[in-house]
Novice: 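So that we are looking at the same thing, I have put the structure below in structure tokens.
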Number of protein chains: 2
Amino acid sequence: MASNDTGVRTTTLSDVARLAGVSLATASKAMNGRTDVAPATRRRVLEAAEDLAFTPNAMARGLLAGRTGTVGLLTSDLDGRFMLPILMGAEDAFGAGQVNVFLCDARGDAIREQHHLRALLSRRVDGIIVVGRQTDPRPSLGQDIPVPVVYAYAPSDDDRDLSLTPDNRAGGRLAVEHLLACGRTRIAHISGDPTYAAARERLDGARSALADAGLEFVGEPLSGDWSEHWGRDAAATLLGRHPEIDAVFAASDQIARGVIDTARDLGRSVPDDLAVIGYDNWELLATNSRPELTSIDANLQQLGRRAAQRVFEAIDGAEMGEGVRHLPVRLVIRGSTVPRR
Amino acid sequence: MASNDTGVRTTTLSDVARLAGVSLATASKAMNGRTDVAPATRRRVLEAAEDLAFTPNAMARGLLAGRTGTVGLLTSDLDGRFMLPILMGAEDAFGAGQVNVFLCDARGDAIREQHHLRALLSRRVDGIIVVGRQTDPRPSLGQDIPVPVVYAYAPSDDDRDLSLTPDNRAGGRLAVEHLLACGRTRIAHISGDPTYAAARERLDGARSALADAGLEFVGEPLSGDWSEHWGRDAAATLLGRHPEIDAVFAASDQIARGVIDTARDLGRSVPDDLAVIGYDNWELLATNSRPELTSIDANLQQLGRRAAQRVFEAIDGAEMGEGVRHLPVRLVIRGSTVPRR
DNA sequence: CTGTTAGCGCGTTCAG
DNA sequence: CTGAACGCGCTAACAG
């Protein structure tokens, strides 16, 4: 059942017209809610359409209209923690209307990406959102793409493109300002993989917030990877070397959980003895740790939605703008920095 | 730049034909690698196409062919832990060929799902994969869909549909058999949310494996939710009540991590004193715990790939089959059940 | 080997 | 208010 080529041609508008006893053109008008059709005629047509389970052929329509009502989502690797919310935000913004989303996963491979790009253009998508897995700049798709393109999360390396990316500097700053506001002054930083722009930017922002308060990090910030293991090891080193530390800014929630673990092992209570703040607000990690983890949220879903809106507007003829826009992040306070009853 | 309606009509095949100095039909044949074209002519056409950056219009093509080379992926909620691998598997299987994927997220809302379904049919997708977020049966889309439909993860409640879902019973059995093989005999179970079929099925499988060995669970299996918090609380209760327990089968990796945490707090060493096995093989959790977590992997990516292949075959005219297929799961052994050096 | 012709399903003029 | 005719971009028959 439900096989494609059982010869049961899908019903077309002319089938509907015939059943309703009108011409093809009249049926079209009736279906599309045009005014110049007699109410009775319209009713007959709509009934016929209902009876035949008529579904308009979007392709035939697109052929005429020059628009398909589809958008391409080109991701570099679905398996990221950051793809999903962005994807959801975009799907959300589009899904509400009449737009459908083509999902293409390039698996981090430039060849595949090129392949997918051609496929998308061949399907005449009205616009494209390119989602990268890091905030490091990525190669531009080029300027000769016949539809609007927006880069999300990973900015394009070409300033003529429009890119939307979270403001990691503001995030780093926000984290440190929160620790300062909690009365902490002997703050250390455990960073992630230093080859990531995100790691460097968060550190940057944090440093400038400290400087504004006339302070510096206790000890040199430690770089490693983004894992819980690293968080545990780094925290052990750091707390051994500088027991006076009263707060740690971890560059990711995973690292932060490792820090909390080690703190418990060393008999230091969080947050009284040691405040810990993470980054990403990954709920799974943040809400399951003891105590729950204060973190910086990059508003990725909103970022996805914004990207979609930009594409929308550009499709409607608006100029799309260019350059890298750094979108605001927000602080989510939980028990790892502020004691809870 | 890159605006849609700057009047710069995308180049069509007849543009190519004109530049190459041949007829439309000849250009078409040349582009599609048909044999009955002179090599020199073909070269001219291909060059012209290259020069004009010609991209064939897949819609116009589809209109003729009756096939679009697109497939719909209808998910009930993207935000699940299980969606992503399935989605990746499917995208993988399709992406290799000429097929593109429409992603639709119904956000758990039946109305939205209906809406998306209509959109997909309107776009004349060649097939549909329905991905649910739990292994509990979900409402069928019905039998009168003009294209092949496969249900992945969440099976359809109509036996005439084809559903692919992981074999939770086999998983539960596998978990317990592994614990038995490790020499454990005083095994307890901490389950998740009992309203989930997955929770009940895993318990079922585990029980029958125990029965085969002439054993029973120590204490009544405890039900709660799927969280780390619950795992911690349940483990405390269980170990307090039955200190003789030498192994715990946790119904999810999150629960298992909670169990390991509590074990540490109570001074019981894992795995020597207490073996712990989880479920789902969520790498993030499994590889970051101390010790790393043995778990059951449901092979979701492969499940997604299989679903895609089924749809493929059905598009090519094969009968699609029906009923619920339970796909095999596998055991991933790590340090929480087997001591590591 | 190449060109001409006829649609695929639909929306949109423009006469009736 | 309704219908006939044209064309969106392309491929599949047929002629030449």
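For the numbers below, each heavy atom of this structure counts, side chains included, while hydrogens, waters and symmetry mates do not. Here is how names work: the chains are called A, B, and so on, in the same order as the sequence lines, proteins then strands, and each is numbered from 1. Just so it is clear, the structure is predicted and the values come from calculations on it, not from any experiment.
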Novice: Could you tabulate the donor-acceptor pairs under 3.5 Å formed by side-chain atoms of residues 88-102 of chain B, not counting sequence neighbours?
Specialist:
| unit_1 | atom_1 | unit_2 | atom_2 | d |
| --- | --- | --- | --- | --- |
| B:Glu91 | OE2 | A:Asp105 | N | 3.0 |
| B:Asp92 | OD1 | A:Arg107 | NH2 | 3.2 |
| B:Asn100 | OD1 | A:Arg123 | NE | 3.1 |
| B:Asn100 | OD1 | A:Arg123 | NH2 | 3.4 |

Novice: Output the residues of residues 22-47 of chain B in contact with DNA chain D, where contact means a heavy atom of the residue under 4.0 Å from an atom of the strand; sort by number or write none.
Specialist: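 Going residue by residue through residues 22-47 of chain B, the ones with a heavy atom under 4.0 Å of DNA chain D turn out to be B:Leu24, B:Ala25, B:Ser28, B:Lys29, B:Asn32, B:Arg34.
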
Novice: Below 4.5 Å, heavy atoms only, C-beta onward: do B:Cys104 and B:Thr75 meet side chain to side chain?
Specialist: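 Sidechains of B:Thr75 and B:Cys104: no contact.
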
Novice: Let me test you: for the helix from C:dC1-D:dG16 to C:dG16-D:dC1, what is the angle between the axes at its two ends (five pairs each), rounded to 10 degrees?
Specialist: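 What I find for the helix from C:dC1-D:dG16 to C:dG16-D:dC1 is an axis angle of 50°.
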
Novice: Verify whether one side chain among B:Ser140 and B:Asp161 offers a donor that lies under 3.5 Å from an acceptor in the other.
Specialist: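 Short answer, yes.
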
Novice: Nearest 0.5 Å please: distance from the CE atom of B:Met83 over to the CG atom of B:Leu300.
Specialist: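 So the gap between those two atoms works out to 10.5 Å.
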
Novice: May I ask you to say whether B:Arg138 pairs ionically with B:Glu113, meaning some side-chain N is under 4.0 Å from a carboxylate O?
Specialist: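 The answer is yes: the pair qualifies as a salt bridge.
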
Novice: Could you tell me the separation between the CE atom of B:Met59 and the C1' atom of D:dG7, rounded to a whole number of Å?
Specialist: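 Rounded to the whole Å, the gap is 14 Å.
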
Novice: Please check the phosphate of C:dG11 (OP1 and OP2 only) for any side-chain N or O of A:Arg61 closer than 4.0 Å.
Specialist: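 Checking C:dG11 against A:Arg61, a side-chain N or O does come within under 4.0 Å of OP1 or OP2.
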
Novice: Quick one, B:Arg124 and A:Thr55 - any side-chain contact, counting heavy atoms below 4.5 Å?
Specialist: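 Touching, per the 4.5 Å side-chain cut-off.
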
Novice: Would you say the side-chain atoms of A:Thr12 and A:Ser14 include a donor-acceptor pair closer than 3.5 Å?
Specialist: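 Yes, side-chain donor-acceptor contact under 3.5 Å.
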
Novice: What integer distance in Å separates A:Asn57:CG from C:dC8:P?
Specialist: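 Going from CG in A:Asn57 over to P in C:dC8 covers 12 Å.
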
Novice: Between atom CZ in A:Arg124 and atom P in D:dG9, what is the gap in whole Å?
Specialist: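 The distance from CZ of A:Arg124 to P of D:dG9 comes to 8 Å, rounded to the nearest Å.
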
Novice: Which value, rounded to the nearest 0.5 Å, describes the distance between B:Tyr153 atom OH and B:Thr165 atom OG1?
Specialist: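 B:Tyr153 atom OH to B:Thr165 atom OG1 measures 7.0 Å (nearest 0.5 Å).
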
Novice: With sugar-phosphate meaning primed atoms plus P, OP1 and OP2, does A:Leu64 contact a base, only sugar-phosphate, or nothing at under 4.0 Å between heavy atoms?
Specialist: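 Base contact - A:Leu64 has a heavy atom under 4.0 Å of at least one base atom.
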
Novice: Rounded to whole angstrom units, what separation is found between the CG atom of B:Leu63 and the C1' atom of D:dA12?
Specialist: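 Distance, rounded to whole Å: 14 Å.
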
Novice: Send over the distance from A:Arg67 CZ to D:dC8 C1', rounded to a whole Å.
Specialist: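 Between C1' of D:dC8 and CZ of A:Arg67: 16 Å.
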
Novice: A:Asp15 has an atom CG; how far is it from atom C1' of C:dC8, in whole Å?
Specialist: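 Going from CG in A:Asp15 over to C1' in C:dC8 covers 13 Å.
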
Novice: Is there a side-chain contact between B:Leu103 and B:Leu87 in this structure, where contact means two heavy atoms from C-beta onward sitting under 4.5 Å apart?
Specialist: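 The answer is yes, as the side chains (C-beta and beyond) meet within the 4.5 Å cut-off.
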
